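We count ligands from 1, going down the list as the structure has it; atoms in each ligand are counted the same way. FYI, side chains are in, hydrogens and waters are out, and symmetry mates aren't considered; it's all heavy atoms of this structure. This is a predicted model, so every value here is computed, not measured.
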Amino acid sequence: MIELKKVSKVYKNGVGALNGVDVTINQGDFVYVVGPSGAGKTSFIKMMYREETPSEGQVFMNGVEVASLKKKEVPYLRRDIGVIFQDFKLLQRKSVYENVAFALEVIEENPRKIRRRVLSVLDQVGLKHKARFIPAQLSGGEQQRVAIARAIVNNPKLVIADEPTGNLDPETSWDIMQTFEDINASGTTVIMATHSKDIVNQMRKRVIAMENGRVVRDEHRGEYGYEV
Ligand code: ADP
Ligand code: ADP
């Protein structure tokens, strides 16, 4: 479903972030992307939701070349992709409910459907009872679960997470990782850049390791493979 063919990326300032990346990810895969800072993990991930486009090579999402999409078609691509960041990126003045509902409202669903769906995903991440809270009233782990709820509210086929546990303590990180397992168990593809060595080593999922813009390792039931 996701295919990168000889993808290279050189940013405007001349920095090379990706160098001939060839990767295929199938529907339902769970993939950890690991490697040192600056290896190209974020750039790799950004190719999939067209936050960045390749300087060379091609990215295909379900057979569609992402760079060939018109600007007005990009929202349709992103509707099928939920993205989760290290710093949560929640709307600080809005409630938990509104943060999640916002993602649905922009695609013009009817109000009763929105309400049912929002409460259902909040229930799924264990936060239905905090629907009226604002982000500042939540722990880091709870805020990340709101971000996950927002990412999955449209039933995306793909969930992408860029260091989702980077700001969380180890115990909370395990809870968050379990939530991603559950999402994946329902058939959703999960791609996650992470530095959480212990979690990667225990989960034994596919591991794509990057260094200097290249894929240096791609293993099923892989390991983290670095000291930090
Ligand atoms: P523009 O010239 O349109 O601002 P840039 O490529 O300079 O485009 O930056 C685009 C975005 O990437 C900006 O938000 C910038 O802060 C961020 N950015 C720039 N350089 C780096 C870098 N070395 N690492 C990570 N992000 C960067
Ligand atoms: P990682 O996620 O593994 O830390 P990145 O993809 O963020 O790697 O960065 C790869 C390289 O590209 C780094 O040298 C980084 O500074 C650079 N880079 C990332 N984003 C930008 C940007 N928008 N503009 C310029 N350079 C960037």
Side-chain angles (χ1 to χ4, degrees), residues 2-25 29-61 65-69 71 74-75 77-78 81-90 140 143-144 147-148 151 156 158-170 172-173 176-177 180 184 189-201 203 205-220 222-228:
I2 302 167
E3 248 189 313
L4 276 75
K5 290 189 170 172
K6 295 190 168 45
V7 170
S8 294
K9 178 68 183 178
V10 179
Y11 286 105
K12 275 185 275 178
N13 61 357
V15 171
L18 298 174
N19 188 349
V21 171
D22 276 303
V23 167
T24 301
I25 295 170
D29 281 1
F30 193 122
V31 184
Y32 286 119
V33 183
V34 307
S37 277
K41 303 182 294 295
T42 299
S43 300
F44 173 72
I45 279 174
K46 283 180 172 174
M47 293 293 149
M48 295 168 198
Y49 58 106
R50 214 175 95 162
E51 183 66 21
E52 295 288 352
T53 50
S55 308
E56 282 179 65
Q58 295 160 309
V59 179
F60 295 93
M61 301 293 281
E65 196 199 347
V66 170
S68 75
L69 293 173
K71 258 216 168 86
V74 172
L77 168 78
R78 292 186 182 163
I81 305 175
V83 187
I84 292 143
F85 304 94
Q86 179 171 357
D87 60 357
F88 322 135
K89 296 198 194 296
L90 300 176
Q143 291 187 52
Q144 192 58 296
I148 293 171
L158 168 64
V159 167
I160 293 174
D162 197 349
E163 291 204 44
T165 61
N167 286 343
L168 305 175
D169 61 69
T172 306
S173 298
I176 293 293
M177 217 49 86
F180 283 107
N184 178 246
T189 309
V190 176
I191 303 173
M192 184 187 304
T194 184
H195 284 115
S196 296
K197 178 183 173 190
D198 293 343
I199 292 177
V200 171
N201 286 343
M203 295 295 214
K205 307 285 191 189
R206 180 174 175 188
V207 174
I208 293 176
M210 299 192 68
E211 286 174 32
N212 297 316
R214 296 178 187 275
V215 173
V216 294
R217 185 154 56 88
D218 185 352
E219 298 169 335
H220 286 273
E223 289 184 24
Y224 188 77
Y226 297 92
E227 280 317 304
V228 280

Interfacing atoms of ligand 2 (cut-off 4.0 Å, heavy-atom, [X]):
| X | answer |
| --- | --- |
| Pro36 | 3 (O) |
| Asn13 | 25 (C), 26 (N) |
| Ala17 | 10 (C), 11 (C), 12 (O) |

Any residue meeting ring-ring contact (aromatic ring centres under 6.0 Å, His included) with Phe44, in chain and number order, not counting sequence neighbours: none
Mind checking the OG-CE spacing from Ser196 to Met203? Nearest 0.5 Å is all I need. 10.0 Å
Which bit of Thr42 gets closer than 4.0 Å to ligand 2, counting heavy atoms only: side chain, backbone, both or neither? both
Should the proximity of Ala193 to ligand 2, defined as any heavy atom under 4.0 Å, be assigned to the side chain, the backbone, both, or neither? neither
Looking only at distances, can you tell me whether any N or O atom of [X], backbone or side chain, sits closer than 3.5 Å to an N or O atom of ligand 2?
| X | answer |
| --- | --- |
| Gly38 | yes |
| Ser37 | no |
| Ala39 | yes |
| Val15 | no |

So, are Glu227 and Lys197 salt-bridged, with charged N and O less than 4.0 Å apart? yes
Between Arg206 and Glu219 (salt bridge meaning N to carboxylate O under 4.0 Å), is one present in this structure? no
With sequence neighbours left out, the residues meeting side-chain contact (heavy atoms from CB on, under 4.5 Å) with Glu65 are Gln58, Phe60, Ala67, Ser68
Would you name the heavy atoms of Gly213 and Val21 that are closest together and state the gap between them? O-CG2, 3.4 Å
Under 6.0 Å from the six-membered ring centre of Tyr32 and within 45° of its axis: does the NZ or CZ of Lys205 meet both? no
